[in-house]
*Asks:* 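Provided herewith is a single structure, encoded as structure tokens, for subsequent inquiry.
Lettering of chains follows the sequences in order, A, B, ..., and the numbering in each one begins at 1.
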Number of protein chains: 2
Amino acid sequence: MSSVLPKAARRGLADEAADLVRAAILDGRFPPGAALREVELAAHLGVSRGSVREGLARLEREGLVRGGWHRGTTVIEVTAEDVEEVYVLRAALDRLAATTARRVADEEHLSALDRLVAEMAAEAAGSGEAHRLVALDIAFHDRIYAAAGNGRLTAAWEAIRSQLHLFQLRRVDAARAHYRARVVEEHRELATLLRSGDVRTLARRAEEHVDSARRSLLAGLPPAP
Amino acid sequence: MSSVLPKAARRGLADEAADLVRAAILDGRFPPGAALREVELAAHLGVSRGSVREGLARLEREGLVRGGWHRGTTVIEVTAEDVEEVYVLRAALDRLAATTARRVADEEHLSALDRLVAEMAAEAAGSGEAHRLVALDIAFHDRIYAAAGNGRLTAAWEAIRSQLHLFQLRRVDAARAHYRARVVEEHRELATLLRSGDVRTLARRAEEHVDSARRSLLAGLPPAP
DNA sequence: CCTCCTCCTGATGTCAACATTCGGACAACT
DNA sequence: AGTTGTCCGAATGTTGACATCAGGAGGAGG
């Protein structure tokens, strides 16, 4: 996840399986509501059910899937209520992350943010895949949380990160032009404020940034699913 | 939790194991830093290693234990940095939960809060176990999150709830008299503000409530563990 | 005496088979 | 016809055995 230190931490098959399934969900190969059967996944991924099970538990922690007692695991739906919940929480988390990062971020993190904005600008100018722009968007906020250096805060962010990723992908489908036009400028402003801005202004802008995303997504959603 | 329908949700052995181990940690039978060996727990609880493993994963999601690749699972330490992280995040979450609950809470939740304050007052007057007072403290905030009705927000709260429980137990050890004296009044004020208070005042008081707890805990901790 | 290498021990990671449970199909009953 | 009770299939929950790995004890070499 764009960490500074690759750390080479050896991961188990459970993490591997979680990554594969997560990628499949974000790619749309598992549409919202799809059932994720353990035996099926185990056979397809070439690992045991135990590992798949552990990987699915991880995705459940990320909020990408939901499961119940003897009721299997399914991909979450994207209802207006879900979007509302995630974005309201994200606004509070982003506000805290931004104000904290404003205090403690070092130059390395700040320049990394500038670099990401530059990449976003290049990507938005071209007409490439929208997926890549969304990935850069998420990576930008990953950096802010990393800069804040609060492990629990980062964990809370990671608990909604994947859901947000899924939502943002729908957002570009719904409002592609609008998204491309504003995404670069909004992030550039955030990067500037993080380097040398008033804390209160930064807090307000961080919340507004989320609110902007929420509204543009809700506009393209069915009102009552 | 206090839903109209008890739902009688049947739980698996993993949940059972997680509950047992969590209780043991909060009781002090597993002190901070203690190693939680899977085979040992499995034998002692009378279940298989797989179930214990899944239960430990759940406790890891709650932040009560930490684990690494082939490095086992250990109870978290209580360092000043950990306390700082949890309370800073909690302040942001509590602020959001309180302001949301102020808008959407129904009478049932509000009267439940009053009832909890009354119980706390009765408990603080007597000289019973401090554990019970802390449990009521946590339950009070559980109610606020339930009243807010945001599932993701509640999940974020539950990710630090058990750690907070652990910290608060240390807090009463460190500053027992101070805690008893203030805990009832602070919660009573929060309950009042939730029923009919200015939102901005409520938000400020919610953050101050957390800050008060943080400082009184940090005061009784070793400076550099 | 210190350093490095090797091996060993105890633990976790992984697996495939067994037991339990949910949900719907089907039929009997009212 | 609508409802209730029963049965069956398929998926999950659980288990014990096997494979793999981290960390330290011990000894050879410097």
*Asks:* Please walk me through it: do His131(A) and His165(A) pass ring pair (Phe, Tyr, Trp, His ring centres under 6.0 Å)?
*Replies:* CA-CA 10 Å; His131(A) 290 198; His165(A) 203 326; 8.2 Å; no
*Asks:* Checking side-chain polar atoms at under 3.5 Å, does His141(B) have a donor or acceptor matched by the opposite partner on Arg90(B)?
*Replies:*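 The criterion, which ignores hydrogens and geometry beyond distance, is satisfied for Arg90(B) and His141(B).
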*Asks:* Mind telling me whether His187(B) and Phe140(B) have parallel, tilted or perpendicular rings, with 30° and 60° as the class edges?
*Replies:*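 Judged by the thresholds at 30° and 60°, the geometry between Phe140(B) and His187(B) is perpendicular.
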*Asks:* Regarding Glu16(A) and Arg11(A), does a basic nitrogen lie under 4.0 Å from an acidic carboxylate oxygen?
*Replies:*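 Yes, this pair counts.
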*Asks:* Report yes or no: do Asp82(A) and Tyr87(A) form a side-chain donor-acceptor pair below 3.5 Å?
*Replies:*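 There is no such pair between these side chains.
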*Asks:* Starting at the 5' end of nucleotides 5-18 of chain C, put B wherever the base has a protein heavy atom under 4.0 Å, S where only the sugar-phosphate does, and a dash everywhere else.
*Replies:* ------SBBBBBB-
